[in-house]
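The structure appears right after this line, and notes come after that.
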Amino acid sequence: MRLGSVLSRGITMIKGPVARGSIIGLALRLSGLALMFIQTVLAARLLGAEEYGIVTLLLAIAQIATAVVLLGYGSFAVAEIPKGARPTTLIHHASKRIATLSLLVLPAAFLSGVFLLGELSWSLALPLLASIPVLAAIQLLRGVALGLGRPFWGVAPGEVIRPALFVAALMITAFFAQGSSALFIMLYMVTAIIALAIALPGVMRPKFATASMKVAASDKRNWDRAALSFLGIHLATILQLELATLMLGFLASPEAVGLFQPIARVSILLMLPTYALSIAFNPRISGLHAEGRSDEIQSLARKHTLAATVIVSLAGLAVGLGAPALLWLFGTEFMAAAPLVWFLVIGRIVQAACGPGAELLAMTGRSNRTLICLALSLVVEAVLAAILIPIYGLAGAAIGVAIGLGVRGLLLAAASHSVLKIGLIQFWRAAPYQLKPLT
């Protein structure tokens, strides 16, 4: 009876729309990460460490510029459309913001490239700058499609189809032409335009719309203010992955950036266990918080911490031991950096052991605390990079990232404890009282 009840409950959960959306999102996410890994391998082999470092710096600039141009409207659409915001009105308003901000941000992106590289040829600059508003439009449509409850159309065009097209283009290039940074950036732009065209059907014929065809100017200003908080989180998320890249480009050389990137990409694989756990964990925490069941939140957080730490530790051990073979895929010149993977592995394990502070804050409406913690940890990482990179080079960058991950986890755990009374100690110790059974 007990086994039958569990199976019946599991089948019911899988049939639910939220569960189906989560499963689709996870499958697409895994596919996208696999394609991005293949893209990184092909790019490193085609370009070599120095030119790969150049395009990596340019793409980091493009990601930051895209986030600023979008103004947070991608994530804002996910939150507001289910509440009744008219998709076409939101797209029209956000598109005007993208066009206006592009006039200011694109020159700044160009100057940033010149600052980091010393010079920036137009063969690199033009396709790079052209791709920024296109990428912003893709992310806007992604948010609208997710807000409409269309996870495939939301995730697939930008995170699966575009990297798949890019990988195909790089493979063709490997057979018929000599790779160069200019060709790489051109292909990057072209595949982004194709992905944008593919994303458009995902926002057509929405299932619902508000009765009003117009939104007052004051409401649109409120939209802008509300979207800014999403912009802050988006920028912080990007800088978590790209800060070391930018600091190496500023303090070292493009070649150092190119050598560091495969290490960073390999370590990202360790984020998958916590991502997968959060798909089921986050909505459950949100529901328990609404019901005021803090004891069960603590119990689930403790299980999440233990599971994430064990899985990330085992995966980290495999990644650390397999690093020489993994980096060989990128090219023999990258293999010398294999020992540095262990720094990032340790950082990821410490972060997992600090518990799901970010998830708890987000699911209980304290995203502003998350943003503050991310900003503080990024400051720590930037200071460490400024001190360590001139002395230790690539090892300094890896150490700075590892310490930054640990500091980030500790800050989030402390913030979770300050508002929910569930922090690092509670993540590892059972509550001293009888927990209520889950229903």
Check against side chain to side chain contact (heavy atoms under 4.5 Å, CB included), V78 and F230
CA-CA 11 Å; V78 180; F230 293 102; over 6 Å; no

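Legend: residues meeting side chain to side chain contact (heavy atoms under 4.5 Å, CB included) with L388, ordered by chain and number and at least two apart, are L384, Y392, I399. Every residue meeting the salt bridge (Lys or Arg N to Asp or Glu O under 4.0 Å) condition with R408, not counting sequence neighbours, appears here in chain and number order: E381. In this structure E255 satisfies the salt bridge (Lys or Arg N to Asp or Glu O under 4.0 Å) test with no other residue, sequence neighbours excluded. Judged as a side chain to side chain contact (heavy atoms under 4.5 Å, CB included), and not counting sequence neighbours, the contacts of L314 are V310.
Separating the CG atom in L326 from the CE atom in M335 is a distance of 10.5 Å, to the nearest 0.5 Å. In this structure, the separation between OG on S253 and CG on L116 is 12.0 Å, given to the nearest 0.5 Å. A distance of 7.5 Å separates CE of M271 from CD of Q351, quoted to the nearest 0.5 Å.
Salt bridge annotation for E296-R302: absent, with no cationic side-chain nitrogen under 4.0 angstrom from a carboxylate oxygen.
Screening residues 303-327 for ring pair (Phe, Tyr, Trp, His ring centres under 6.0 Å) gives F281-H304 as the qualifying pairs, with residues at least two apart or on separate chains. Applying the ring pair (Phe, Tyr, Trp, His ring centres under 6.0 Å) definition to pairs two or more places apart or across chains, those involving residues 234-256 are F115-F250.
In this model, a donor atom of one side chain and an acceptor atom of the other lie less than 3.5 Å apart for T245 and Q261. A side-chain donor from one of R369 and S418 sits under 3.5 Å from a side-chain acceptor of the other.
When all heavy atoms are compared, the tightest approach of A136 to L70 is O-CD1, 3.4 Å. Here the closest non-hydrogen pair linking M247 and I389 is CB-CD1, 4.0 Å. Closest non-hydrogen pair, T66 versus Q139, comes out as CG2-NE2, 3.7 Å. Of all heavy-atom pairs spanning V160 and L35, the tightest one is O-CD1, 3.3 Å.
Residues T40 and Y52 have side chains in contact (heavy-atom distance under 4.5 Å, counting atoms from C-beta outward). Put simply, the side chain of V419 does not reach to within 4.5 Å of the side chain of T364, judged on heavy atoms. Between L405 and V350 the shortest side-chain heavy-atom distance does not fall below 4.5 Å.
A ring-centre distance under 6.0 Å is found for F166 and F184. F37 has its ring centre less than 6.0 Å from the ring centre of F330.
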